Every structure is written in C-alpha cells, then in structure tokens.
Peer 1: 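Encoded as structure tokens, here's the structure I'll be asking about.
We name chains A, B, ... by the order of the sequence lines, and we start the count at 1 in each one. A quick note: this is a predicted structure, and the numbers were derived from the prediction, not measured.
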Amino acid sequence: MIISIKNLNKTYKIAGEKIKVIDNLSLELDKGEIIAITGRSGCGKTTLLNIITGVTKPDNGEIFFREKKIKYWSDFIMSRIRNREIGQIFQTFRLLDDETVMSNVMMPARIRGRAGSKIRNYAIEILGKAGIAEYQNTRAGFLSGGQKQRVAIARALVNRPSLILADEPDANLDIETSMEIFSLLEMLKREGKSIIIVTHKEYMLKKADRTYKMEKGRLIER
Amino acid sequence: MLSKLYLIKKELEGGKFISFIVFCVILLSVSAIISFNILSENFNNYIKNNFASAIPPDEIKVRPGESKSMFLFSTGTGKELNNAAINRIANIPGVKKIDPVMAVTVPTSATIYFFAFQYRTDLICAGASYKFVEKDLKNKEMRDAWIKGTHEKGIPVLVPKALIDSYNNGLAAANGLPEIVPDKLSGLKFKLSFGRSSVSSYEGAYDSSSVVAGYTDKVNITGLVIPSKAAEEINKKFGKTGRYMFAIVNVKDHKNSEQVKNQIKNMGFVVETGEGLSSEILKLKLTVNAFITLMISLVSILAVITTALCSVTAVWSRIEYYRIMRTLGSTKFFIALTILVKFAIMGFLASWGGVYLFQFLKIYILKTITIPGVTLSLEISAAKIATIVAAGTIIPVAASLPAIIRMFSAKLDRN
C-alpha cells in the first residue's frame, strides 16, 4: 500500500458559512495503480490532492504513507514527503518560466540538497523519455503547452517519487497531446509508480485501474 | 548546502526593480540619518565650545567638604574625598561613571632646564586615570606610558591648560618671557622632586625625571597631572593614604542630575554643576536636539514604512514562485529564510553604500560650507558606523516580516 486515507474531513469557511469540502473520505492506493477522480468543479478534488501533499491541512482524519501514519501538521515532515515521495503535475504546469527546462527539472533536487552530476544525468534521461531532451537549455516560457507539461512530468520524477498526483494534466492540451501525456503516465505506472489523476477526459477514466466520482466531499466508485 | 545557496542566490536575483527601490530607500535614509547625526553633534559642540561653562550639564564636579573654623587656618575638618566616598557616590542611582582625580599629598617641586636657564618652582600634582585623559595624550607611546604609570624618559605628565594660560598671560607677559605653544609641549623633559619643596622636606625625598605627554583642560589646577598609578605609588612611598582633589561624576541624564547633586551635597561634599550655561541656550540646545531626533525618527519611520510596503510588493509579486517552491518541497521556514537573507544582504549593502556616499560627499561639504566661528567636523566614529549598518540590516528584515507572516497565514496553503 502506497497511501491510505481514513475518515478525512475538511471544511472551509467562506463568507461566514461553513462548507464541507471533504466529508469522511477514505481511499487506498496500491503500488503501480492508477486511480482517476472526476467530478464537478469545486467538488473538492484539488483540496484532496493538496491534503495528500500536505499543502492544505485537514480538519481531522488519518493519512498513512507506506503504512506509516503521517504527522500532517508538521510542515517539515510534509515538505520532506512532498519533495521526496510525491511528484505533482498541474493543469497550469506551474513551471518557472524564466528558468531553463533543465533548471526547472532540477529544482526539486536542489530543494532536497542533491543536485550533483548523477541527478543531472538522471534529469537528462527523463527529459529524453518525455521527448524534450533537446530543449533542456531553452527557457520554459518559450515552450508550447504540451512541451511544458512534459517538463512538469520530468520535474515530478527527478527525485524518484513513489506517488504521482496529476491535477487535470490535460486540461489545457489538445486531444493528441493529451493522449501522449497519458501514455507517459502509463509508462510511469509500468515502472511501478502509483498515480492519482484528476481528469474529466473519458478515455483517461477508462484506462485507469479504478475510477471515482467526487460528490459532496465523498468518493463514489464508478 | 551548495543547492541551498543556489536557491538563496535565486531569491536575491528575483524582483530586481523592487529590490533596487528598497536599496535606494535604505541608502538615502542612512545618508540622511548620518547627516542629521553629524548636524546634531556639530551643533552640540558649537554650544559646548561657545556657551557652556567648563562643566557640561550632565557632569557634576565633586570636591572635598570645605573646612570650617573660627580661625584663618584649620587642620582639615572638611569632609575627605577618599575611596569609600568615591564608592558611595558611584552607587547612587543615576550615576553613569565617576572619574576621581587623586591628590599627591607630599611636597613637590619641579625644575626646568632650558640651556643655561634653570627654573625651580613648588607645585602640586594630581593623578588622573587613563580613561579620563585618554584624548589629551598625544601619541600611542604616551598612552601606553600613562597606563603603565611610567615612561622610559620618566613619569609622563599632562600640563593643565589653565597653567599654560596663566604663564602665557601672566608670568610671560609681565616678565617679557616667550609664550608657550601648547601643541609643542609634548616631549619636553624636566625634573620632579617628590617629598621636597621650598616649604618642607620629607625623609626619603627623591628626584624623578619626567616628560610632558601633552596638555589638558580637564584638570584645571596650577600644577601637573600625572598617571593615577604613579600618584598612588608616590603617596604610598611617604605613607600617605589616598585622597582625591575632586571627582567628575557623569549622570545618566538631566533628570538624574538634581537628585544626584542633592545626595552628594548631603554627604558633605561640595558640588559644582553646569549652571553657568544660560537657560535660554540650554533651551535652544534641547529644542534643536529634539528637532533633530524627530527628523531622524521621521526618516527612520519613513524608511521602515517604505521598506515594508516594498517588501509586501516584492513578496506578493513572487507569490507564484514561492507556491511552486512549496509545491516542490520547500519548507515555509526555508522560504522565509531566503526572503529574510535577501533583505538582510540588501540592507547591509545599502547601509554601507549610505556610509560611503556620506564619506564621499563629506569632502565637497567641507569645501563648500563654511560657517564663521564654526569648525565643522564630519567624522563618524566606528561605533556609530557599526550601529548604522546594524540598523540598516535589521530594519528591512523586520519590515519584511509582516509580508512573510501574511503570506504564510493564507497565501501559501493552497495551490
């Protein structure tokens, strides 16, 4: 088991009104498994991913990472997990546009404090797998949407994480590029990575091992 | 470690325009604060040199109690200023420091040889501590000698300005003798006799060579000033206990002055304070100093506000960068650290820039500004530079804290 979530709750207070975004949610994910989550905008999908990464703190509930309970209130512990165990991919790519592709990919390794030639060679290898090795010295801001997402995937992999969280990675891409990106994710699955993907695309939902619909803060298996 | 330094370097490079504004604000604020400080110092010096009495208002001169007797002469019934009394005064609340000047209580005379001319005179000697007369000692050699209490050429002595003035304006003028140039006195050698004067002679009286280390206006006696260590030894040799001619007591501020003065008076000593300073001048001095303090505070507050606003803008304009860094695994602490280091480095460099700017402009200011009767001094002490640079470093760091706290409390906890 890579990750196990039990009885998770999260409430936001908006304009004095309490809105429950995550309601007693439980989820388990095995090694090499892809879970796809779909649902209406604002239903709490991104909040769930943010809770898993530790960027957002839940009100209560338990999170186990590799069977070990996580102290999610500790910023230091959650930052360490986020850096070493989780790779994240976003619909807006979230690259540093003024930096080169290589600098972007190396950033998690620099935060970890390991940016030697070994990691650099690994970064070149994964950029090659993502099909953008020739752009390593190009500024990220000059790339197309599809190329940016490939850089984001390479960046998510540089610290060899066991879990990939992809938040609508295909939202800003055309269908052909989306399928290429999903092929990349499938390749990662074959390499033993566990993936949680938030998407609205039917072909992605079909290819996932399990598919959930998020409704009123709960996950309903489809 | 190198990776972390790389990330700090990245932070330093980010938001160049805002950083430039913060840099300029600190640089100009530091220059302005130094200017106001120098202005204040020059004004205070001008008042002190031209209007103040010999004793500055925050100083109290304490003398032994005066003898009271029905006859012309008495055998010393006045309150003696000794070590115990000095300790008691030093312990009065409000007293900052005390500089006692020791009396050499044995007959003393001096003999000066000048070519074939030999002049001998009885005189009194007083012992002063190194700290008290440090600024009057001409060179390092003499300063070291004063600390040791002796010099290879003999006992170092300081000639009181009052003595030089009374010689130049009295003895020299009346007898057609050449006047003494105070600055040229240093290095002059002569003979001192301890235990022997024209009036009396003690058993064990001895001669000692001595050398002039400079002149002083801190001890206005018609005698010579020697190191307190030497004075103690001379008294000891003749079996005399240590007593003091007078002591200069520094009080913390004006508020304490009256209270300390009264307490010393009640102990039976004679006190002199800077009452000679005209109240109007004192009022003017206080008003000008208050105005300058106000201006310094105003500049500092404006610098803090501007830096705080700039830091908010700088942090906000880079919020996406911080969010990405956090997403990739940076702790809040590390992000805060990079921002604080950036502002600290910027503040440090800008403060030094401000100091250098002032040092650079100093030459032109001295050339162009001349005020009759006023000698401008634009020197900044090393301690003051250190304070300014420290403040210049801390202010932007402190000013960036609200932006960091605000960012952490809300903006970083979502993607």
Side-chain angles (χ1 to χ4, degrees), chain A residues 10 12 21 45-58 74-99 103-116 119-120 140 152 155-156 158-159 161 165 167-168 198, chain B residues 1-22 313-342 345-346 400-415:
Chain A
K10 177 72 187 173
Y12 282 125
V21 206
K45 304 182 296 287
T46 303
T47 301
L48 174 63
L49 297 190
N50 283 343
I51 289 174
I52 293 172
T53 59
V55 170
T56 303
K57 307 270 176 286
S74 160
D75 184 54
F76 180 76
I77 291 172
M78 290 316 293
S79 297
R80 202 181 161 93
I81 290 174
R82 198 159 57 239
N83 179 248
R84 299 180 183 191
E85 299 287 353
I86 302 172
Q88 294 181 80
I89 304 161
F90 304 92
Q91 58 173 305
T92 51
F93 324 120
R94 310 203 66 184
L95 297 178
L96 302 169
D97 283 345
D98 292 335
E99 301 283 326
S103 178
N104 267 286
V105 173
M106 288 293 284
M107 205 49 95
R110 288 193 195 284
I111 292 168
R112 189 176 180 172
R114 286 184 191 173
I119 298 283
R120 210 178 163 78
R155 183 182 65 182
V158 77
N159 275 346
L165 302 180
D167 190 0
E168 299 190 46
V198 169
Chain B
M1 188 62 193
L2 278 175
S3 300
K4 300 277 179 196
L5 288 176
Y6 172 86
L7 294 174
I8 292 174
K9 184 182 146 261
K10 279 274 151 220
E11 180 58 36
L12 274 169
E13 288 168 0
K16 287 189 183 77
F17 181 66
I18 300 278
S19 299
F20 175 72
I21 291 174
V22 172
T313 314
V315 168
W316 250 236
S317 67
R318 283 173 64 74
I319 193 83
E320 188 52 27
Y321 171 79
Y322 301 132
R323 277 184 184 157
I324 292 173
M325 295 304 282
R326 193 149 161 67
T327 301
L328 301 179
S330 266
T331 58
K332 285 181 177 180
F333 174 78
F334 183 72
I335 292 173
L337 185 77
T338 58
I339 299 169
L340 294 177
V341 167
K342 174 185 179 166
I345 291 174
M346 223 152 55
S400 66
L401 285 175
I404 293 171
I405 293 165
R406 174 80 186 104
M407 177 175 79
F408 281 176
S409 64
K411 304 286 173 189
L412 277 186
D413 286 344
R414 60 171 187 263
N415 277 325

Peer 1: Output all residues satisfying side-chain contact (heavy atoms from CB on, under 4.5 Å) with F333(B), sequence neighbours left out; order by chain, then residue number.
Peer 2: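 F333(B): side-chain contact (heavy atoms from CB on, under 4.5 Å) contacts with T331(B).
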
Peer 1: Check whether L95(A) gets within reach of chain B through its side chain, its backbone, both or neither, counting any heavy atom under 4.5 Å.
Peer 2: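 Interface part for L95(A): backbone (N, CA, C, O).
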
Peer 1: Do S79(A) and R326(B) have side chains that get closer than 4.5 Å, going by heavy atoms?
Peer 2: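 They are in contact (side-chain heavy atoms under 4.5 Å apart), so the answer is yes.
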
Peer 1: For L328(B) and I111(A), work out which heavy atoms get closest and say how close.
Peer 2: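 Looking at all heavy atoms of both residues, the closest pair is CB-CD1, 3.7 Å.
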
Peer 1: Please rank R80(A), E99(A), R112(A) by heavy-atom pairs under 4.5 Å with chain B and give me the top one.
Peer 2: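 So the answer, after comparing R80(A), E99(A), R112(A), is E99(A).
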
Peer 1: Measuring from atom OG1 of T92(A) to atom CD of E320(B), what distance do you get when rounded to the nearest 0.5 angstrom?
Peer 2: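 Here the interatomic distance stands at 7.0 Å.
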
Peer 1: Given a strict heavy-atom distance threshold of 4.5 Å, which part of S74(A) is in contact with chain B: side chain, backbone, both, or neither?
Peer 2: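 It is neither, since no heavy atom gets under 4.5 Å.
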
Peer 1: Quick one: side-chain contact (heavy atoms from CB on, under 4.5 Å) partners of T47(A), sequence neighbours excluded?
Peer 2: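 With neighbours one apart ignored, the set is K10(A), Y12(A), V21(A), I22(A), I51(A).
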
Peer 1: Using the salt bridge (Lys or Arg N to Asp or Glu O under 4.0 Å) criterion, which residues pair with D167(A)? Sequence neighbours excluded.
Peer 2: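 Per chain and number, D167(A) pairs via salt bridge (Lys or Arg N to Asp or Glu O under 4.0 Å) with no residue.
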
Peer 1: Could you tell me the separation between the CZ atom of R155(A) and the OG1 atom of T327(B), rounded to the nearest 0.5 Å?
Peer 2: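 One gets 7.5 Å once the value is rounded to the nearest 0.5 Å.
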
Peer 1: Using heavy atoms and a sub-4.5 Å threshold, report which of residues 10-18 of chain B line up against chain A, by residue number.
Peer 2: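 The residues closer than 4.5 Å to chain A, in numerical order, are K10(B).
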
Peer 1: Heavy-atom distances under 4.5 Å only: say whether I324(B) touches chain A with side chain, backbone, both or neither.
Peer 2: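 Both parts, heavy atoms under 4.5 Å.
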
